[in-house]
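Read the structure below first, then the notes.
Side chains included, hydrogens not; waters and symmetry mates left out as well; all remaining heavy atoms used. Within every chain, numbering begins at 1; the chains are lettered A, B, ... in the order of the sequence lines, protein sequences first and strands thereafter.
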Amino acid sequence: MRRFRRDWAHRRDSGRYQRRREYFDEPETSYSSSRGRPTREEVVTPPLPEQAASGSLMATSVDFKTHVDQACRAAEEFVNIYYETMDKRRRALTRLYLEKATLIWNGNVVTGLEALANFFEMLPSSEFQVNMLDCQPVHEQATQAQTTVLVVTSGIVKFDGNKQHYFNQNFLLTAQSTPNNTVWKIASDCFRFQDWAST
Amino acid sequence: MPLRKGLPVRTPSCLCGADKGVRDLPSPSSAAVVDLQTSSSRPHRLSSQANREDIGDGSLPSVHTMGHNNVGNSLQRRARCWSIYRRRYNNWSEQVSSGICPSPHQQQDGDPATNGTHMSTRVRYTPYAIPPCHWRGNFQKQDQVQANMEGEQKPPERKMKGERQDETSGSWFKIIIPFGIKYEETWLLNLIQGQCSVPFTPVEFHYEKMQAQFFVENASIAFALKSVNGKIWDENNETVSVFVYPSDAPHSVQKELMSEKVEQTKLTMNKYVVSQQPLKSQRVPYASDLITHDIAMVLNPRNSMAASLQTHGKNISKVKSAGELDKSKSLQPEEMSANRSSLCTAFPDKSTNISSILELFPKLLCLDSQESPSPTSIGIAAHKKLPTCKGSFFGSDALKSLILQFLLQYYLIYDSGDRQGLLSAYHDEACFSLTTPFNPKDPALSSLCEYFKESRNLKKLKDPSLRVQLLKQTKCDIVRSLCVLPKTQHDLSFFVVDMWFQTEMMICFSVNGVFKEVEGMSQDSVRAFTRTFIATPVSNYSLCIVNDELFVRDASPKETQSTFSIPVPTHSCSSWPTLCQKQQEVVTS
């Protein structure tokens, strides 16, 4: 049974992987976006799978695996786009955030798109290297059925004019679903240097 | 005027110095003094029948609420907040003394006329509220009450107190059941008693935030209770943890003793006045201190005990004008503070709760982030500069209290050696995963291999089935994984918390800190971690974890040096009075 699931997952995944590569290589590809061509600063994944019928154990485990699968997809795509945008197209970064998103940056609180835009404008240019990535689907009891993914990253960052720092960062990504795709946006963002106390 | 025999003399350690004052009193009270030293305080009985006997004419504040049929189910209990605690205690306290002076307050649960047995079985004891006998109006009554009782036959329960002297009395222990708020008192105590080889009498059973707590006065009983840990389960087959800590005498017992001592000292003083003997100067501060304490509480009923420490000094002049004592020697601040150390073990009310909890997190106190300036206010001149890094952000005092309480609870069990108790902290379908930047090729980091086994780094891990497998789902799987991780000791004083998302249904926060491994190959290695919790609130003061992500790395040399330099005992409540002493020093300096 387990083998069956794994094979099935592989088949699904290879399809997804394929699609994602296309997305990256050819941004002009009409990638099933309801708004036409997706910009580079959008995290888009295939539409969310329908919920399996409840009541069967199998359905539950498939649901969980599906959620995990989907969360991983979203997280990986997101992380790639986010840090590339942060490094190379800083002004477009706020497009990845929800309107009322919050950022807690080394204990400094920044709320709302306008404040976020100012904040990112003020930050020196950056060079991020992400070494670690983990994600979890957030339980629907907490999100009231709003599909959400917890993304946790860690790595090294060098801000212009400053020394290098190890950092830890967490995101809450929420899905905005359309019939054709899912757009993920940051609901909240928490960033901290590992050595923040000595800065 | 002879002193009553059989009075409780369980002297809290903080008042030991003051005892000298008592002993120095000349005969004929010396015989009574001897009695005082030997009789014990009244313990509580588990059976409701004995309870009725005890409470029948009781005027003591400490009441065992056995047989307390929780009004409603556990869900209702969870929904109660501290204000209800206080209200009930006030009602109950009024009732207790209503045997002697009638109470104006209606008891919430029952007929005020039926005080004694019924009353005591329905009201939850709240030792940390300011008792109404210390309120302005009632103080007068209470004084009369005590005066009226002089020379009368002592109430039966006091007699029983003397008879029930326990040879091992003298050492108190606090029993904590984490997440005990979920369990009804009778059921819980029966469950524990069922597994405990010796009968025990819980004193001051109460719920504090998420815990159930009570005291026992006997080292061997405490030891027997300690071994109950891990042997009892609730109806969901989850382990019910039982932790035992040495402790000062419970509050009510101390208060008992103090009020008795006040009375006794008053009588002695009166005797002196009558006999025109000069007061020995060293007795004056002790006696006046006791009375001053009560007056301070009376004159400042709304102050928490912590605040009353500050106002203590201010009330000295009021004491003097009361004309009760010979004021030849002024009160010394150090003497006052020494006598107050026992009071600090309580968290009297909401306003001091946070400050008391924060005493355990000194780093949070000094580095606590306030309202952060908006980015625009940082200035154009600092264009290339990074914003100043700040400490913890909680969002609000209420959230701060909730989160810190949760973390205290969580790491109490996490560091206890048996993490099974964490089952009740997690949602049935919670998720947990951990990551570590361990590089197997780098021998310097080899000590993190215990964590690396479970590390789920999607940057490196591409196999979809492994990705699912390493994400633990269901609380049982999670706790099983946690139990396998090395045993730890966390330094809570260095926790830094970011509360970064919050709705009505969830709260999302990250904890940064350090811990030490306390056994195994990597014993004494210091690690740094960032742990992200997503939790849903299940009551005013309880959280249920739905997502948990742990990132572990080796601590930097700086982190290792600055933390754990002072050993922080995590398994003993005796650290709390120590911290309170620091608080006293700040207050009195």
Quiz item: Near F159(A) CZ, under 6.0 Å, is it more than 12 heavy atoms from other residues, nucleotides or ligands?
Solution: yes
Practice problem: Select one option (side chain, backbone, both, neither) describing which atoms of L172(A) are under 4.5 Å from chain B's heavy atoms. | Solution: both
Self-check item: Heavy-atom proximity to chain A below 4.5 Å, by part of N512(B)
Solution: side chain
Quiz prompt | Nearest-0.5 Å distance that lies between atom CZ in F64(A) and atom SG in C431(B) | solution = 4.0 Å
Quiz item: Is chain B contacted by the side chain of A187(A), its backbone, both, or neither, given a heavy-atom distance below 4.5 Å?
Solution: both
Self-check item: Heavy-atom contact with chain B under 4.5 Å, split by part of V68(A)
Solution: side chain
Self-check item: Separation of L386(B) CG from H165(A) NE2 (nearest 0.5 Å)
Solution: 6.0 Å
Self-check item: Interatomic spacing from OG in S556(B) to OH in Y166(A) - rounded to 0.5 Å
Solution: 11.0 Å
Quiz item: Once you round to the nearest 0.5 Å, how far does OG1 of T530(B) lie from CG of N170(A)?
Solution: 7.5 Å
Practice problem: Would you mind reporting whether F393(B) and C190(A) have side-chain heavy atoms less than 4.5 Å apart? | Solution: no
Quiz item: Are the charged groups of R192(A) and D498(B) less than 4.0 angstrom apart, N to O?
Solution: yes
Exercise. Determine, step by step, whether N108(A) and K390(B) satisfy the side-chain hydrogen bond (donor to acceptor under 3.5 Å, both in side chains) criterion, reporting the C-alpha distance in whole Å, the side-chain angles of both residues, the deciding distance to 0.1 Å, and the verdict.
Key: CA-CA 7 Å; N108(A) 294 287; K390(B) 295 182 182 163; 3.3 Å; yes
Self-check item: Contact origin within C508(B) toward chain A - heavy atom pairs under 4.5 Å
Solution: side chain
Exercise. Please flag which part of T536(B) lies under 4.5 Å from any non-hydrogen atom of chain A: side chain, backbone, both or neither.
Key: side chain
Exercise. Not counting sequence neighbours, which residues clear salt bridge (Lys or Arg N to Asp or Glu O under 4.0 Å) with R90(A)? List them please.
Key: none
Self-check item: Spatial distance of atom CE (M122(A)) from atom NZ (K385(B)) [nearest 0.5 Å]
Solution: 12.5 Å
Self-check item: Distance-minimising heavy-atom pair for M505(B) and A142(A)
Solution: CB-O, 3.5 Å
Exercise. Please state whether the side chain, the backbone, both or neither of Q141(A) comes within less than 4.5 Å of a heavy atom of chain B.
Key: both
Exercise. Indicate yes or no: at least one non-hydrogen side-chain atom of F119(A) is less than 4.5 angstrom from one of P387(B).
Key: yes
Self-check item: Inter-residue atom distance K65(A).NZ - Q469(B).CD, 0.5 Å rounding
Solution: 11.5 Å
Quiz prompt | Non-hydrogen side-chain atoms of E549(B) and L150(A) separated by less than 4.5 Å | solution = yes
Quiz item: Hey, does D189(A) have a side-chain heavy atom less than 4.5 Å from the side chain of W500(B)?
Solution: no
Practice problem: Under the side chain to side chain contact (heavy atoms under 4.5 Å, CB included) rule, what do M506(B) and H139(A) come out as? Steps first, then yes or no, please. | Solution: CA-CA 10 Å; M506(B) 70 131 102; H139(A) 197 281; over 6 Å; no
Practice problem: Counting only heavy atoms closer than 4.5 Å, note whether L458(B) contacts chain A via side chain, backbone, both or neither. | Solution: both
Quiz item: Any side-chain heavy atom of F501(B) sitting closer than 4.5 Å to one from I104(A)?
Solution: no
Quiz prompt | side-chain contact (heavy atoms from CB on, under 4.5 Å) involving Y414(B) - partner list, sequence neighbours excluded | solution = Y410(B), Y411(B), R419(B), L422(B), L482(B), L485(B), T488(B), H490(B), R531(B), L550(B)
Self-check item: Residue selection (most heavy-atom pairs with chain B, distance under 4.5 Å) from T111(A), V138(A), T102(A), V79(A)
Solution: V138(A)
Self-check item: Residues, nucleotides or ligands: over 12 heavy atoms within 6.0 Å of Q164(A) CD
Solution: yes
Quiz item: Listed by chain and number, what are the side-chain contact (heavy atoms from CB on, under 4.5 Å) partners of Q502(B), not counting sequence neighbours?
Solution: L399(B), M499(B)
Self-check item: Within residues 130-137 of chain A, residues adjacent to chain B where the heavy-atom gap is under 4.5 Å
Solution: V130(A), N131(A), M132(A), L133(A), D134(A), C135(A), Q136(A), P137(A)
Quiz item: What part of F171(A) lies closer than 4.5 angstrom to a heavy atom of chain B: side chain, backbone, both or neither?
Solution: backbone
